[in-house]
Amino acid sequence: NQIICDRNPEDIFTSQPEMAFKIFSWVAEEGCYLSYPIIRAIENNIDQLYPIFMGEARVREIRSCFKDVIEGRYFSKALRLLHEFGLVANYFIPEFKNLCGLLQDIYVHQFPTDIHILSALDELNKLVIDNNADPFLAQLYESVKDKTALRLSVLLHDIGKGIKKAGEDEELVGSRQIPHILKNLGYDDAHKIEDVAFLVEKHLTMRDLMLLDPDEDDTYEMIWDLVTHDKERLKMLILLTYADRGGTKMKMSASQIDQLKVFHQNT
């Protein structure tokens, strides 16, 4: 299940550097692995895979490849590879560079921020590809209309950690960066941008609401107000909360997932 070349990949990437990015979209689509010659060829040509060396037409094509990665069935696998080659931070999302190796609260997290985000993406992706995924979460994910917005929100939910200054709220700082980041990636749908910014800003709020009494009607009124009376935002916020926790030491228990189910149904 490997991607191989029928001629020297070094020659391909030298003359067509955009093909390196196309390969990652195939990984996202089919779940393939990269053969060693391809890995070596990308590493040897990595310095040429930046916008400064690309024409406008190639940049548009490469942005399209990134969108294909986000929309692919195996999106977390492809994003992990892009990150390992340094292409997420050095090509697509410069703000991601500040998250690389950034340590977090060791009582909650077992990984630096960048690896935590990749782990959260893995947890979200399992709802698509793992037959043993929780049925409620898998069905909830399947019902989400804009899965791209959800996936982007998981990718970017901690982006504020690498940008904030002392005393600033990292969720709010991150949310404010979303329009710039998404437009730089070629996303210009205003509703999508607003949803991702909302999810980034509120990604810790559902965790706090889980501490409230699930038997009180006020709890559901608070949740409904939080998501601005939007069913899709409710679904995505629940799934983002689950994925975020899944990328830490403190994965959700079955009872906590049941609580999310009650939250969803009652709200």
Side-chain angles (χ1 to χ4, degrees), residues 70-76 108-109 116-160 170-172 174-175 178 182 189-267:
I70 294 294
E71 294 168 12
R73 178 175 173 82
Y74 301 91
F75 59 90
S76 69
V108 175
H109 293 277
H116 155 69
I117 289 171
L118 295 175
S119 299
L121 287 163
D122 287 341
E123 293 301 313
L124 185 68
N125 208 163
K126 286 177 185 176
L127 299 178
V128 183
I129 62 177
D130 187 349
N131 293 330
N132 295 317
D134 179 85
F136 160 66
L137 293 171
Q139 290 170 15
L140 189 67
Y141 177 86
E142 183 61 30
S143 73
V144 170
K145 293 179 180 177
D146 190 352
K147 295 178 178 62
T148 296
L150 174 59
R151 295 175 184 186
L152 287 169
S153 71
V154 177
L155 175 63
L156 298 170
H157 74 273
D158 275 341
I159 201 72
E170 65 190 51
E171 290 79 31
L172 190 57
S175 176
I178 294 304
L182 293 189
D189 183 323
H191 187 67
K192 188 188 303 293
I193 292 170
E194 289 171 7
D195 279 345
V196 176
F198 166 83
L199 291 166
V200 169
E201 181 179 348
K202 304 297 184 184
H203 77 268
L204 295 177
T205 310
M206 185 66 74
R207 180 200 66 183
D208 296 335
L209 291 173
M210 290 176 71
L211 301 175
L212 299 178
D213 187 348
D215 294 326
E216 290 291 333
D217 290 341
D218 287 352
T219 297
Y220 306 109
E221 291 175 6
M222 289 176 64
I223 296 172
W224 193 228
D225 289 341
L226 169 67
V227 298
T228 63
H229 299 188
D230 187 320
K231 292 180 182 179
E232 290 302 308
R233 283 188 173 183
L234 174 63
K235 295 176 189 177
M236 291 191 287
L237 187 57
I238 288 173
L239 291 165
L240 173 55
T241 302
Y242 168 77
D244 187 19
R245 283 286 299 274
T248 71
K249 294 177 182 178
M250 305 173 71
K251 297 180 186 294
M252 282 195 172
S253 64
S255 63
Q256 288 173 321
I257 293 174
D258 286 342
Q259 188 177 357
L260 288 178
K261 184 176 182 178
V262 170
F263 274 10
H264 176 254
Q265 291 175 335
N266 289 356
T267 303

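Basis for what follows: all heavy atoms, side chains included, without hydrogens, waters or symmetry-related copies. None of these values were measured; they are calculated from a predicted model.
Side chains of Glu123 and Asp244 form no contact here, defined as non-hydrogen atoms less than 4.5 Å apart. Residues Asp189 and Ile193 are not in side-chain contact: their nearest non-hydrogen atoms beyond the backbone lie 4.5 Å or more apart. Proximity of Trp224 to Lys231: side-chain heavy atoms (C-beta onward) are separated by under 4.5 Å at one or more points. Thr241 is not listed as a side-chain neighbour of His203, based on a closest heavy-atom distance of 4.5 Å or more. Put simply, the side chain of Leu199 does not reach to within 4.5 Å of the side chain of His157, judged on heavy atoms. For the pair Phe198 and Ile178, the minimum side-chain heavy-atom distance is 4.5 Å or more. The side-chain heavy atoms of Glu171 and Val200, taken from C-beta on, include no pair separated by under 4.5 Å. Contact annotation: the side chain of Val144 approaches that of Leu239 to within less than 4.5 Å [non-hydrogen atoms, C-beta and beyond].
Here the CG atom belonging to Asp122 is positioned 11.5 Å from the CG atom belonging to Leu127, to the nearest 0.5 angstrom. A distance of 10.0 Å separates OG1 of Thr205 from CG of Leu240, quoted to the nearest 0.5 Å. Here Met222 contributes atom CE and Asp225 contributes atom CG; the two are 8.5 Å apart, rounded to the nearest 0.5 Å. Here the straight-line distance linking atom CG of Asn125 with atom OH of Tyr74 works out to 8.5 Å at 0.5 Å rounding. Here the straight-line distance linking atom NE2 of His116 with atom OG1 of Thr248 works out to 7.0 Å at 0.5 Å rounding. Here Met252 contributes atom CE and Leu137 contributes atom CG; the two are 8.5 Å apart, rounded to the nearest 0.5 Å.
In the displayed structure, His191 atom NE2 is contacted under 6.0 Å by at most 12 heavy atoms of other residues, nucleotides or ligands. Residue Lys251 places its NZ atom among more than 12 non-hydrogen atoms of other residues, nucleotides or ligands, all under 6.0 Å distant.
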Could you pull out every donor-acceptor pair under 3.5 Å between side chains of residues 256-267 and any protein atom, sequence neighbours left out?
from, atom 1, to, atom 2, distance (Å)
Gln256, OE1, Arg245, NH2, 3.4
Gln256, OE1, Ser253, N, 3.0
Gln256, OE1, Ser253, OG, 3.4
Gln259, NE2, Met210, O, 2.7
Asn266, ND2, Tyr220, OH, 3.2
Thr267, OG1, Phe263, O, 2.6

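Between the side chain of Ser175 and the backbone N or O of Leu172, no donor-acceptor pair lies under 3.5 Å.
Of all heavy-atom pairs spanning Met236 and Asp195, the tightest one is CE-OD2, 4.0 Å. Of all heavy-atom pairs between Leu121 and Arg151, the closest is CD2-O, 3.9 Å. Of all heavy-atom pairs between Gly247 and Ser119, the closest is CA-CB, 3.8 Å.
Sorted by first and then second residue, the salt bridge (charged side-chain N to carboxylate O under 4.0 Å, His left out) pairs with a member in residues 132-147 read Asp146-Lys192; sequence neighbours excluded.
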Practice problem: Could you please spell out the steps behind the side-chain contact (heavy atoms from CB on, under 4.5 Å) verdict for Leu124 and Tyr242? | Solution: CA-CA 8 Å; Leu124 185 68; Tyr242 168 77; over 6 Å; no

Exercise. Start with the C-alpha gap between Ile238 and Leu140, add the side-chain angles, then the distance that decides, and say whether side-chain contact (heavy atoms from CB on, under 4.5 Å) holds.
Key: CA-CA 9 Å; Ile238 288 173; Leu140 189 67; 3.8 Å; yes

Practice problem: Go through Arg233 and Glu194 one step at a time and tell me if the side-chain contact (heavy atoms from CB on, under 4.5 Å) criterion holds. | Solution: CA-CA 11 Å; Arg233 283 188 173 183; Glu194 289 171 7; 4.0 Å; yes

Practice problem: Starting from the C-alpha separation in whole Å, work towards a yes-or-no answer on side-chain contact (heavy atoms from CB on, under 4.5 Å) for Val196 and Leu182. | Solution: CA-CA 9 Å; Val196 176; Leu182 293 189; 4.0 Å; yes

